[in-house]
Amino acid sequence: MHETRDSIAEIWGERTPYVGEWPIRVDERTLEEPDQWVQSACVLCSNGCGMDIGVKDGVIVGVRGRAIDPVNHGRLGPKGLHAWIANRSQERLTQPLIRRNGRLEVASWDEAMNLIVQRSQEICARYTSGAIGFYTSGQLFLEEYYTLGVIGKAGLGTPHMDGNTRLCTATSAAALKSTFGSDGQPGAYTDLDTTDAILHVGHNTASQHTVLWMRILDRRRGPNSPKLIVIDPRETATAKEADVHLALKIGTNIPVLNGLLNLIIEAGQIDRNYIEAHTVGFEVLKNTVSHWTPERVEQVANVPAAKLRAAAEILGTANTLVSTALQGVYQSMQATAAACQVNNLHLIRGLIGRPGCGIYQMNGQPTAQNTRECGADGDLPAFRNWDNPEHVAELAKLWNVDVNIIPHWSPPTHAMQIFRYCEQGSIKLLWISATNPAVSMPELTRIRQILQKDDLFVVIQDAFMTETTELADVVLPAAIWGEKTGCYTNVDRTVHISHKAIEPPGGARSDFDIFVDYARRMDFRAKDDAPLIKWNTPEQAFEAWKECTRGRPCDYTGLSYEKLSRGGGIQWPCNEQFPDGTPHLYPDGQFNTSYDYCETYGHDLDTGAATTPEEYRANAPKGKAFLRAADYLPPHEQPDQEYPLWLTTGRLVYHFHTRTKTGRSPALHEAAPDAFVQISVQDAKQYGITEGEMVEVISRRGRVVEKAIVGEIEPGVVFIPFHYGYWDKPERSRAANELTITEWDPVSKQPHFKYAAVRIRKAALVINQIADAIGQDADTVTTVLKP
Amino acid sequence: MHLGNYLGLVHSSEQQLVDAFKQVAEHHGDEPDIYQTCMLLSSWSQEHVKALKPFVDRYSEEKNDEPERLSQSLFEEPRSGSLALLRDLHDLWLITNEVHLCWVVILQAARALRDVELENLCQRLDNQTHRQQAWLLTRIKQAAPQTLVVAA
Ligand code: SF4
């Protein structure tokens, strides 16, 4: 084995302090000497680190970071260095399965695909294609999403298609659209090389984007160290590094951000010329935030006024600033509204569109950006506006279909509503690809009930059996990263290609091949009777996608497989005008808000009411950005006598999503083998709980039993990581989402995973009581406490 | 002068909205966005009722039972299910339109009376009424195709 560093023990590795050009450090981990390196990029978070896959005798034997890649300069984090081992797991699915007489049984591809086609046709004939829904992922490749998007929108014509990106990144898209007129992160990671200050809002960078954090730490240890401000209720590793940590109360992002904006406006630290020339809405914003004095913020959000002032002083005086927001914003109350305040901060200070100034409405999953771009979530491809008939007509022309087949009479259905339609019975076929809602969605009892409904036909394609495949009617074995070729785009718009390095195991097929096969069997046709899906290979699909993006903000027309295979990733837009890609959007303060070009006409941040085309046209911002203001609305569920604590959920550095891959790496598994509940020292004392003791956590929706970890969290708050389900530990109710709430942000429709009211008690008490009562030992009882 | 009559009309219509939004929230508690948003919009109408009070006093309200009659026919029985939801949102939209029209009428009177305070109030509250209508319309448009075409 060869390992350049132990990333489990030293997550971020050795420091390479710098300012200017980030030094190269190639991280590598191989079990054997590869006889070939194949170009790829990591698919375990949205950072999108360039990596090479080491292959020997047709098997992946390791990975190394790509030194020339602009994203990571050779570095890789623990997940990137370890999770590839899952490709060769013995537990990979290799044959299709069909449920017969209540049991999943092995079937041929023909049998499985014919069954899906037969059901699709029956359902369309009887109930229309509005009875078919798709729930996809943030882990497939661009070519797969685009193919799926065209099948859904122009083949079947169903409005019900979304990704699990709804759970992780929908607010990112919603906030960018609300402020700038379209999706697309304004900055580049190179901004970190020179910036004066960094702001993380609800983003535990050290844990979620380890390689990004290495870059920040390296800057912090170098000359001209940038100031760091962290807004997070937990004392995370990120928070510990901060110059100012605002440990706010759950659900109070808006008070804190409004408070910061107010101080900056009051101090006159704003760029009046920029505001005047490039934005609309300043007076309303100013008026709204003016009520949030530091004292009032302290009252509502528990953030000391002096700390708020210290943070505002840094944010108000920095000449350059990089801000990031993530799930602490996106999965909490007023998600889109709060994310927009981060955009506002940059706009009122004119800190956008130039080196050192970046806003990252971070993405969660590695290819979430492509789910959004390609129309595999609740959007139209290439950031087109479903409410703009011209945009819909462009797609109809491109695909050569009747415009009326494309569902555009109301917004594409978001995931939470798709599951609601399944629950109510109007969706009869749900096709899930590469995700695991039975662990990742809120309120799991409900989700399991829905997936088990007799009148819902559930198709799943995955690489492994999961908690969700257990409930499926058809399971299709999927080839994954390393076993197929395709492209994906990270959070700073950097597009990477990932080449096929090895063959998939057994009969597993790529998601791309599965979708194309479905389209052929369904015989989807264009107006000229030619097949609707005109491509058979990922490269052909990429070429088709390029045409779809021509002239749109995410213009890919200057890219090709050949160009992407030459070196590092390239940032879109990449076209004739910008053949080497584009580091910064909006350098001239011209935003994508014109009526004809914008991706949305906007929404009311409090209710989600859509702005009508007529209203939008009347207020025509003509290229100016929107300063969107919002006042505070408290979370819907508050702790009370019965449920006196806040639960907040989140992720761990060693795992990805529901651990289907990371859980199969022995090193990652051992580093974080089980869920836990983190409680404050004060609460531990009050409940008489000591470190390592089993604790029962109960909400109005469910219950779990977890081991206690004490400390580094505010009193009154408990934390449970959401990765852990039941595939490798069926005996204990432990999935955090047993407890979470079914509700969502009015604009982005992202569920509120960050708060729920719970109560806790020592599990031993309960278990021993039950054990006594039924005359069994405690272990047997624990087994009974299944979800 | 009949301004009191119209203030009475809008006052009781807003009160109807307070109750009707709550009722719809409760009948459709299984639809999380309906529940949360209707409760929020009910609280807006509650604020309107409060804000109207001084003006109702100033122009001495004449009792007007028209909106109550309207509401009674709209919300007779609790209904649940997707068609019922559509119908309830539809009915809410009708009441908000009643309120909106009241604001238009009262605003004209306020201008004729040079009552700047009442004028400002009308504009501020009508803006929120418009936001209520906009949400209802958005949600109705979303629900209509699935409810009328696909659902059994
Ligand atoms: S930071 Fe993200 S993309 Fe980079 S190696 Fe780690 S998991 Fe992979």
Side-chain angles (χ1 to χ4, degrees), chain A residues 123-124 126-133 157-160 333 378 387 407-414 416-428 442-443 446 455 601-612 615 633-637 741-747 749 751-752, chain B residues 17 21-22 24-47 79-86 89 92-93 96 100 120 123-124 126-152:
Chain A
I123 288 168
C124 282
R126 224 173 130 194
Y127 305 99
T128 78
S129 60
I132 297 183
T158 173
H160 311 312
M333 189 69 191
D387 218 0
H408 62 281
W409 42 83
S410 58
T413 316
H414 61 91
M416 300 301 290
Q417 192 67 44
I418 289 177
F419 275 78
R420 176 67 183 147
Y421 288 153
C422 293
E423 186 175 34
Q424 288 179 310
S426 72
I427 288 183
K428 312 232 173 257
E443 205 178 341
R446 171 174 175 265
D455 63 346
Y601 295 133
H603 297 88
D604 187 312
L605 292 183
D606 291 335
T607 65
T611 307
T612 63
E615 285 169 331
L633 294 171
H636 297 134
E637 188 171 82
I741 310 182
T742 302
E743 59 169 52
W744 52 82
D745 182 67
V747 181
K749 321 293 185 196
H752 293 161
Chain B
L17 270 185
F21 270 120
K22 260 196 214 148
V24 173
E26 272 147 28
H27 292 171
H28 302 281
D30 288 345
E31 309 281 350
D33 63 327
I34 298 290
Y35 181 83
Q36 302 296 358
T37 316
C38 284
M39 291 307 278
L40 177 71
L41 300 188
S42 170
S43 76
W44 290 2
S45 285
Q46 187 72 61
E47 284 164 33
R79 325 185 260 213
S80 65
S82 57
L83 183 61
L85 172 66
L86 190 60
L89 295 174
L92 279 172
W93 188 81
T96 56
H100 167 66
N120 290 341
Q123 282 168 336
R124 184 168 71 80
D126 189 25
N127 178 40
Q128 278 199 317
T129 304
H130 175 71
R131 292 173 69 194
Q132 290 174 326
Q133 290 175 300
W135 176 75
L136 287 164
L137 206 56
T138 301
R139 197 59 180 82
I140 286 168
K141 278 172 143 178
Q142 183 201 320
Q146 195 72 5
T147 304
L148 300 189
V149 179
V150 191

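Protein chains get the first letters and strands the later ones, always in sequence-line order, with residue 1 at the start of each.
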Enquirer: Can a side-chain donor-acceptor contact be found between A:H752 and A:E637 if the only test is distance below 3.5 angstrom?
Expert: no
Enquirer: Need one label for A:I741: side chain, backbone, both or neither, based on atoms under 4.5 Å from any heavy atom in chain B.
Expert: neither
Enquirer: Apply side-chain contact (heavy atoms from CB on, under 4.5 Å) to residues B:Q132 and B:S45 and explain how you reach the verdict.
Expert: CA-CA 9 Å; B:Q132 290 174 326; B:S45 285; 3.1 Å; yes
Enquirer: Need one label for A:E423: side chain, backbone, both or neither, based on atoms under 4.5 Å from any heavy atom in chain B.
Expert: neither
Enquirer: With distance as the sole criterion, is a donor-acceptor pair present between the side chains of A:T413 and B:Q146 under 3.5 Å?
Expert: no
Enquirer: Verify the distance criterion only: is there a donor paired with an acceptor across the side chains of A:E443 and A:T742 at less than 3.5 Å?
Expert: yes
Enquirer: I need the residue from B:Q142, B:K141, B:Q36 with the largest number of non-hydrogen atom pairs under 4.5 Å to chain A.
Expert: B:Q36
Enquirer: Can you check side-chain contact (heavy atoms from CB on, under 4.5 Å) on B:T138 and A:D604, steps first, answer last?
Expert: CA-CA 11 Å; B:T138 301; A:D604 187 312; over 6 Å; no
Enquirer: Under 4.5 Å from any heavy atom of chain B, what part of A:Q424 do you find: side chain, backbone, both or neither?
Expert: side chain
Enquirer: Side chain, backbone, both or neither: which part of A:H603 has a heavy atom under 4.5 Å from chain B?
Expert: neither
Enquirer: Which bit of B:L41 comes within less than 4.5 Å of chain A, counting heavy atoms only: side chain, backbone, both or neither?
Expert: side chain
Enquirer: Identify which of B:D30, B:L40, B:L136 forms the greatest number of heavy-atom pairs closer than 4.5 Å to chain A.
Expert: B:D30
Enquirer: Is B:S82 in contact with chain A via its backbone, its side chain, both, or neither, using a 4.5 Å heavy-atom distance?
Expert: both
